[in-house]
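Note that the coordinates shown come from a computational prediction; the quantities given were computed from them, not determined experimentally.
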Amino acid sequence: MSASASPSHGALQLRLGEQMQALSLVSETLTLRLLELEERLAALEGQLEGLQQQSTPSSSDSADLLTATEERIARLEDLLNEQSAPKGATVHPLQRPAQQATNALDGFSEPELELNPFPEDEEQPFMDELSA
């Protein structure tokens, strides 16, 4: 009995060894693929960070732009208040003064511009009509 058990025991060990080798090959292939994926993911994350840094200005740049814009708006409001407000009257920067100032262009007043913001030009002849 021991003689017949030995060959089947050897075949079982051989089969088990082959299966273990196949399993180790599969695990090695999966490990290599996983490492490749991790490298590709790291490269893509690096590209994404580079794009985000290029597309979004830093907070100090945004703050500088906002400060410069606020200063320009304040200067414009001061100029408008000086030109349109009567002496001694104060006007809130976002409100119109009570007295309407006349527009220097073509003598139109602001109420006329509000009623018709696009005044019509008088009709002009075409080039063909001028030569005839």
Query raised in the report: CD of Glu45 to CD of Glu38: how many Å apart, nearest 0.5 Å?
Result: 10.5 Å
Query raised in the report: side-chain contact (heavy atoms from CB on, under 4.5 Å) with Ile73: which residues, sequence neighbours excluded?
Result: Thr69, Glu77
Query raised in the report: When clusters are formed from ILVMFWY side-chain contacts under 4.5 Å, directly or step by step, what else is grouped with Val26?
Result: Leu30
Requested in this report: With rounding to the nearest 0.5 Å, note down the distance linking CG in Leu37 to CG in Leu32.
Outcome: 11.5 Å
**Report entry** Test side-chain contact (heavy atoms from CB on, under 4.5 Å) applied to Glu70 - qualifying residues, sequence neighbours left out
**Finding:** Leu66
**Report entry** side-chain contact (heavy atoms from CB on, under 4.5 Å) involving Glu71 - partner list, sequence neighbours excluded
**Finding:** Thr67, Arg75
Report summary line: Rounded to the nearest 0.5 Å, the CD atom of Glu39 sits from the CG atom of Leu34 at a distance of 10.5 Å
**Report entry** Which residues share a side-chain contact (heavy atoms from CB on, under 4.5 Å) with Arg33, sequence neighbours left out
**Finding:** Thr29
Show me, pair by pair, the donor-acceptor contacts under 3.5 angstrom made by side chains of residues 11-24, not counting sequence neighbours?
from	atom 1	to	atom 2	distance (Å)
Gln13	NE2	His9	NE2	3.3
Ser24	OG	Met20	O	3.4
Ser24	OG	Gln21	O	2.7

